[in-house]
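Notes for the one structure printed next.
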Protein chains: 2
Amino acid sequence: MFEAQMQDGKIFKAIIEAIKDLVQDCNLDCSEEEVAIQSMDSAHVSLVAVRLSAGGFSNYRCDRPNSLGINTANMSKILKMLGKDDSITFKAEDESPDNLTMLFEGGKTTIADFDLKLMDIEAEQLGIPDTPYQCTVQMNADEFQRIVRDLQVLGDTCTISCGKEGIRFSVTGNIGNGNILIRSNDEQNEKDRVTITMDEPVELNFALRYLNFFTKATPLSSSVIISMSPDVPVVVEYPIEDFGHIKFYLAPKIEED
Amino acid sequence: MFEAQMQDGKIFKAIIEAIKDLVQDCNLDCSEEEVAIQSMDSAHVSLVAVRLSAGGFSNYRCDRPNSLGINTANMSKILKMLGKDDSITFKAEDESPDNLTMLFEGGKTTIADFDLKLMDIEAEQLGIPDTPYQCTVQMNADEFQRIVRDLQVLGDTCTISCGKEGIRFSVTGNIGNGNILIRSNDEQNEKDRVTITMDEPVELNFALRYLNFFTKATPLSSSVIISMSPDVPVVVEYPIEDFGHIKFYLAPKIEED
DNA sequence: AACTGGACCA
DNA sequence: TGGTCCAGTT
């Protein structure tokens, strides 16, 4: 038996909205410690990893590790029916369940329950090396979203350079070039603070198209954490309060000479 | 001579908006007691019945019963010009009038009047049995609208089950199943109150497409009254304060075996 | 599917 | 008056 209640259901809704453009089908990997999602996007370019630790749920029980294969578009359709302040209770059988049952509870009078048909999804095992990164930047998530959206009008590829003084986003395109520099600072209010932790400067190129997909997770977090090392995928992480995080991985473009 | 003034013209506008997707042409049946509309929808699947009692109008005079055949789309176009707080005064001749004249009066300075061309519409007489129903549920109209809209993503057919404890809306579809249960209650504020009056439980299937058409009448009323008996059409009624009601009838789908 | 404008609600 | 939600549009 798997059963877990999330008080603030819109967190789960936001997660599904954040990944559904990248990932068609994925497993909810439920264990005693967490509900996790790990999946390459449909084009096998980027990777999504979600962690919802058991401690964030108000009730959590998972007798046996289990993978629940969902179609994200269908899940999204059902979550459209989630009320403003509804909680979600997830339920599934232990042995190869056919359905994931979700209870939406809000006002006292209304209870909605939905069965989402599950599917078998082969779990490609994805080794994510947990190595330290050469540069890590924490900044406002809305600002990151705006930068990535804005720069897309100039070109497809964004150069992200991280040094002590700050992080720079640069695009070279037909109509012109652009540079946005975010300076490291120590603002009073956490929202505007920009924190940089680094050993050596790093400069890497990325496809703006994918960075834009990642920023669909912006509603989940006030800040975003960008981690880079030479020649390895960048990590774009949105912490999810009480639960864990959603992380996106994207390999750098190789410099064309 | 027929002449009637409706202080709050947007009630009539809302009625036309509510029925114009179902009914192309219909008669305004004017008598000493009321203005009534009765019509099957174009596909002859459902039935609309409106009653506006003479008492709701601020001036009412109907010398002779008369049927004014209108095209709802054209009526809607004229009503688009109704001002925010305008009253409407309807005027028509007794003997087979060619036009229905409508006066829109709001601020003291502006008066608009429009003549809508009338047409002859054969009045198919529609016997609506006025039998008591086995289950009657009164609930919030907005909530009913939301449920019917939401469930449409899961499938075409909705099972409505009414029992003592509440009313349940269920849909079975390809991507999964859904159940929304509204519990009978005795809320303080009338808006959230759910009242169930019943002899025996009833369970019937309906086309969500039509239930959705009916909810176009939601702006007319804070609550909706759903009445069901086995094997007869459901009645979805929106009371219209001071005037009467708009009722929709829809035959249940026969269980496929 | 994303964006937009419009409507309703707080 | 601003925010949110929904429907229509590209």
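Letters A, B, ... mirror the listed sequences (proteins, then strands); counts begin at 1.
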Give the rounded distance in Å between these two atoms: [atom1] of [X] and [atom2] of [N].
{"X": "A:Lys77", "N": "D:dC6", "atom1": "NZ", "atom2": "C1'", "value": "18 Å"}
{"X": "A:Gln152", "N": "C:dC3", "atom1": "CD", "atom2": "P", "value": "10 Å"}
{"X": "A:Lys10", "N": "D:dT4", "atom1": "NZ", "atom2": "P", "value": "11 Å"}
{"X": "B:Asp142", "N": "D:dA7", "atom1": "CG", "atom2": "P", "value": "12 Å"}
{"X": "A:Lys13", "N": "D:dT4", "atom1": "NZ", "atom2": "C1'", "value": "12 Å"}
{"X": "B:Leu220", "N": "C:dA7", "atom1": "CG", "atom2": "P", "value": "16 Å"}
{"X": "A:Asp86", "N": "D:dC5", "atom1": "CG", "atom2": "P", "value": "12 Å"}
{"X": "B:Phe213", "N": "D:dA7", "atom1": "CZ", "atom2": "C1'", "value": "14 Å"}

What's the closest nucleotide to the A:Lys84 side chain, out of D:dC5, C:dA1, D:dC6? D:dC5

Should we say atom CD of A:Gln24 is surrounded by more than 12 heavy atoms from elsewhere, each under 6.0 Å from it? no

If the cut-off is 4.0 Å, is B:Arg146 near the phosphate of D:dC6, judged by side-chain N/O to OP1 or OP2?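 Checking D:dC6 against B:Arg146, no side-chain N or O comes under 4.0 Å of OP1 or OP2.
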
Below the 4.0 Å mark, does D:dC6 have OP1 or OP2 next to a side-chain nitrogen or oxygen of A:Lys80?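 Answer is no, no contact under 4.0 Å.
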
Please tell me if the side chains of A:Lys13 and A:Ile16 come closer than 4.5 Å, counting only heavy atoms from C-beta onward.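 Sidechains of A:Ile16 and A:Lys13: no contact.
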
Name the atoms and distances for all side-chain donor-acceptor pairs under 3.5 Å in residues 35-42 of chain A, with sequence neighbours left out.
residue	atom	partner	partner atom	Å
A:Asp41	OD1	A:Val45	N	2.9
A:Asp41	OD1	A:Ser46	N	2.3
A:Asp41	OD1	A:Ser46	OG	2.9
A:Asp41	OD2	A:Ala43	N	2.8
A:Asp41	OD2	A:His44	N	3.4
A:Ser42	OG	A:Leu22	O	3.0

As a test of understanding, state which of A:Asn179, A:Thr159, A:Asn205, A:Asn177 forms a side-chain hydrogen bond (donor to acceptor under 3.5 Å, both in side chains) with A:Ser170.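 The passing option is A:Asn179.
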
